[in-house]
Amino acid sequence: MVDYHAANQSYQYGPSSGGNGAGGGGSMGDYMAQEDDWDRDLLLDPAWEKQQRKTFTAWCNSHLRKAGTQIENIDEDFRDGLKLMLLLEVISGERLPKPERGKMRVHKINNVNKALDFIASKGVKLVSIGAEEIVDGNAKMTLGMIWTIILRFAIQDISVEETSAKEGLLLWCQRKTAPYKNVNVQNFHISWKDGLAFNALIHRHRPELIEYDKLRKDDPVTNLNNAFEVAEKYLDIPKMLDAEDIVGTLRPDEKAIMTYVSCFYHAFSGAQKAETAANRICKVLAVNQENEHLMEDYERLASDLLEWIRRTIPWLEDRVPQKTIQEMQQKLEDFRDYRRVHKPPKVQEKCQLEINFNTLQTKLRLSNRPAFMPSEGRMVSDINNCWQHLEQAEKGYEEWLLNEIRRLERLDHLAEKFRQKASIHEAWTDGKEAMLKHRDYETATLSDIKALIRKHEAFESDLAAHQDRVEQIAAIAQELNELDYYDSHNVNTRCQKICDQWDALGSLTHSRREALEKTEKQLETIDQLHLEYAKRAAPFNNWMESAMEDLQDMFIVHTIEEIEGLISAHDQFKSTLPDADREREAILAIHKEAQRIAESNHIKLSGSNPYTTVTPQIINSKWEKVQQLVPKRDHALLEEQTKQQSNEHLRRQFASQANIVGPWIQTKMEEIGRISIEMNGTLEDQLSHLKQYECSIVDYKPNLDLLEQQHQLIQEALIFDNKHTNYTMEHIRVGWEQLLTTIARTINEVENQILTRDAKGISQEQMQEFRASFNHFDKDHGGALGPEEFKACLISLGYDVENDRQGDAEFNRIMSVVDPNHSGLVTFQAFIDFMSRETTDTDTADQVIASFKVLAGDKNFITAEELRRELPPDQAEYCIARMAPYQGPDAVPGALDYKSFSTALYGESDL
């Protein structure tokens with residue numbers, strides 16, 4: 001079967017290209033272009049042609065019988081043009097030119113042309129339909145002409161909520177049949193096959209004529225016959241189709257069904273006034289319900305966000321330090337997890353909350369409702385203040401974490417250094433008190449005494465050399481106390497023990513020297529060679545101990561310059577090793593010379609050098625130790641140098657990316673500012689451009705993620721400064737969040753302008769004129785006008801607000817509208833709202849009261865039963881719950897006051 005309906009989508013009636021076709025133009029042609037019109041190039045499906053013949057014939061007869069005539073064959077009875085002209089006079093109520101009564105073909109063509117000219121005069125474009133074809137009895141052209149007449153005089157004027165005729169008729173059917181089960185009207189063909197939709201239309205307007213609950217969906221013939229018979233008997237709608245024709249066709253003819261249904265629409269048009277009033281009330285109530293829902297959503301979202309901020313700030317303000325660096329690093333990792341996982345969704349919620357608030361205020365202004373005032377503490381400014389407090393706490397918490405990690409790292413280094421120096425000192429002092437207390441000089445020979453004196457001098461020299469180490473140990477302990485080291489008690493105890501022991505050694509050393517000097521007077525000789533050995537060996541031994549201590553000393557650096565400084569110092573130390581080796585050889589040569597002299601003179605030495613305990617074996621052992629420690633120190637320094645080079649690479653890598661991302665964000669912010677001021681093209685073009693711009697910004701997010709990864713590597717490497725860039729990750733994050741918020745707000749502003757334009761019927765040219773006027777006086781491009789700038793703008797638009805008493809009063813009235821908060825600034829959105837109110841009309845409380853009065857049958861009150869009958873269930877219950885009882889003298893039980901309810905909708909009184 002040919003899909004005649006689908007094939008005719010692109011066809012429209014228009015002036016014939018030749019012959020005697022009637023010409024015409026106007027809105028009817030545009031309207032016909034929206035309908036599924038006749039296409040002469042396609043053949044009618046036989047079943048559809050049969051249905052159209054019946055329907056169109058019945059429709060014509062329903063009008064012709066008013067003139068006392070009718071037709072039997074639609075393509076034959078209109079050939080002479082007489083009944084066609086009569087039909088047009090009946091349905092239009094106008095007189096056509098006098099017809100020609102001759103029987104010749106030319107007379108018939110002239111009559112048909114008069115009818116076609118009349119149709120064209122009504123704004124209908126007739127394409128390819130000529131008088132000759134009607135006179136020749138062309139069935140397709142005749143049916144097409146009748147369909148055109150039906151569309152123009154029976155369907156065109158049908159409009160529901162500013163829709164086209166077909167859409168309006170379909171919407172009317174859908175609304176009227178919505179409460180009925182098994183009825184779902186989606187088109188004008190298969191949705192009507194089971195007959196339930198016809199019965200539902202009748203029952204909705206005349207419930208006493210149809211027992212709808214007894215109808216069955218599986219019996220379409222009975223359903224259709226029942227509806228057609230009731231309509232013909234009680235509604236004066238002639239039977240236009242046979243039930244068998246509809247049921248027996250896979251897809252009934254759309255035009256036949258539309259023609260039939262339009263008769264039902266006109267039959268019930270008396271109820272249209274009440275329906276229009278109900279529609280107005282529904283529209284007002286729907287706006288109110290939607291606004292209440294948006295208010296509830298805002299309150300809920302604001303409460304949730306504020307609660308999250310209140311829970312998070314105490315955590316960020318917790319500054320309880322941990323004892324170890326591992327515990328503080330875990331806190332830092334928890335903070336990073338908060339930054340990556342928990343905070344970003346809340347940033348989106350905050351932005352969406354501001355957008356919802358702006359959209360709600362715009363809708364309230366457009367519907368003449370009072371501005372929404374959130375509950376105390378939940379204003380956008382309150383949320384911004386709490387958010388600022390959160391970010392301040394967040395910044396302080398991060399700084400505290402990093403400072404604590406630096407402090408603990410310094411503490412660990414100092415504590416290890418303290419333990420190392422203390423261990424070396426304790427090892428050196430071991431046995432020194434016993435040695436100083438030994439009274440060996442009482443039984444010694446003169447030479448022994450001389451040796452003891454020299455030995456004691458060497459010890460004093462050694463003691464003096466160790467004074468610096470003791471002072472270093474005390475200084476380290478003091479610094480650990482100042483930095484609040486967790487094990488300060490044990491450090492202090494050990495340090496005090498070392499200091500007490502050092503004081504005791506000093507006292508004992510002084511006492512022993514006095515005793516030796518007293519005995520020295522009784523001694524005369526000393527082995528100068530041993531003495532020289534002892535004097536040179538002691539400082540050399542001390543130098544080797546210091547060298548070993550320095551070679552094993554721990555170090556901590558943060559920059560490549562610091563490690564290079566240590567390497568330079570180490571290289572300088574290594575350059576002194578040849579001189580030290582020569583000193584070692586000289587000292588050992590002294591010892592060998594003493595032994596050679598003793599052997600050559602057959603002198604028996606008592607054993608070790610009496611002046612020192614530093615033997616050649618000790619010197620050689622410590623020298624070998626120094627030689628072993630030097631390459632180990634080289635290796636440690638090279639490892640640290642490699643680490644610092646890696647850290648420097650991380651710094652440069654982060655700086656390279658940050659120096660790209662930071663300026664990019666700044667540039668985008670400036671571009672958005674220019675776009676929001678210039679606003680070229682239509683609002684839809686601007687919105688599309690902004691959304692594309694928003695997509696390009698979102699597409700840049702991987703660059704920010706890469707920077708976050710590089711920043712994490714820097715923090716894991718404990719890098720705390722970067723001289724290669726002025727941008728920190730915090731700057732980048734704040735800039736990114738501001739960029740996303742700015743583009744979202746700009747898009748929301750344009751969407752609100754579109755909403756204002758569409759709701760108020762403002763043309764694109766008016767909107768551009770408003771924007772041009774606003775931008776002309778917005779000299780600083782700040783997006784707002786001061787009072788004087790705004791006054792100049794109004795004067796340029798023709799408002800009489802000059803500096804006189806009447807002009808000042810008018811200007812003050814306008815300022816109270818556009819700047820109700822007295823901020824001293826007029827935004828573009830407030831300017832557009834004002835101009836839209838000045839140039840368009842909106843629903844008012846008086847209009848709503850008049851609509852309720854229609855539903856109430858001109859009574860001063862309305863009942864719950866009337867509301868439930870005329871309004872959808874949810875909106876009817878909404879009114880019943882909020883209307884106060886009517887108190888007038890004509891009140892009846894259950895009467896409701898619709899006047900106070902209507903004024904309350906527009907903020908003129910309290911519900």
**Prompt:** Is it true that R339 and E394 have a side-chain N and a carboxylate O under 4.0 angstrom from each other?
**Reply:** yes
**Message:** For Q552, is there any backbone N or O sitting under 3.5 Å from a side-chain donor or acceptor partner on Q420?
**Reply:** yes
**Message:** If the test is side chain to side chain donor-acceptor pair (under 3.5 Å), which one of E471, Q467, H425 qualifies with W502?
**Reply:** Q467
**Message:** Quick check for you: to the nearest 0.5 Å, what is the distance between L650 atom CG and L713 atom CG?
**Reply:** 6.0 Å
**Asked** Which class fits the ring pair H466 and W428: parallel under 30°, tilted 30 to 60°, perpendicular over 60°?
**Response** parallel
**Message:** Walk me through whether S646 and H649 qualify under side chain to side chain donor-acceptor pair (under 3.5 Å).
**Reply:** CA-CA 5 Å; S646 174; H649 172 71; over 6 Å; no
**Request:** Evaluate whether atom CG of N726 has more than 12 neighbouring non-hydrogen atoms of other residues, nucleotides or ligands under 6.0 angstrom away.
**Result:** no
**Message:** Taking E426 first and then R469, would you say they form a salt bridge - that is, a charged N and a carboxylate O separated by under 4.0 Å?
**Reply:** no
**Message:** Donor-acceptor check, side chain of S688 to backbone of E684, threshold 3.5 angstrom: yes or no?
**Reply:** no
**Request:** Under the ring pair (Phe, Tyr, Trp, His ring centres under 6.0 Å) rule, collect the residues that match up with W315, sequence neighbours excluded.
**Result:** Y338, Y397
**Request:** Check whether more than 12 heavy atoms from other residues, nucleotides or ligands sit under 6.0 Å from atom NE2 of H342, and answer yes or no.
**Result:** yes
**Prompt:** Within a reach of under 6.0 Å around NZ of K625, are more than 12 heavy atoms found that belong to other residues, nucleotides or ligands?
**Reply:** no
**Item:** Results of side chain to side chain donor-acceptor pair (under 3.5 Å) for D550 - residues two or more places apart only
**Value:** none
**Message:** My understanding is that only residues two or more places apart in sequence, or in another chain, count here; which of them pass salt bridge (charged side-chain N to carboxylate O under 4.0 Å, His left out) with K632?
**Reply:** none
**Message:** Quick one: does any side-chain atom of T746 pair with a main-chain N or O of T742 as donor and acceptor, under 3.5 Å?
**Reply:** yes
**Request:** For residues 565-577, pull every pair meeting side-chain hydrogen bond (donor to acceptor under 3.5 Å, both in side chains), keeping only residues two or more places apart or in separate chains.
**Result:** H570-D634, K574-D634
**Prompt:** Which pairs pass side-chain hydrogen bond (donor to acceptor under 3.5 Å, both in side chains) with one or both residues in residues 702-713, sequence neighbours excluded?
**Reply:** K701-D705, E708-R733, H711-Q715, Q712-E716
**Prompt:** Can a donor-acceptor pair be found between the side chains of N541 and K622 at a distance below 3.5 Å?
**Reply:** yes
**Prompt:** Does a salt bridge link K421 with D553, judged by any charged N lying under 4.0 Å from a carboxylate O?
**Reply:** no
**Item:** ring pair (Phe, Tyr, Trp, His ring centres under 6.0 Å) partners of Y298, counting only residues at least two apart
**Value:** F357, F372
**Message:** Taking atom CD as the centre, does E376 end up with more than 12 heavy-atom neighbours from other residues, nucleotides or ligands that are less than 6.0 angstrom away?
**Reply:** no
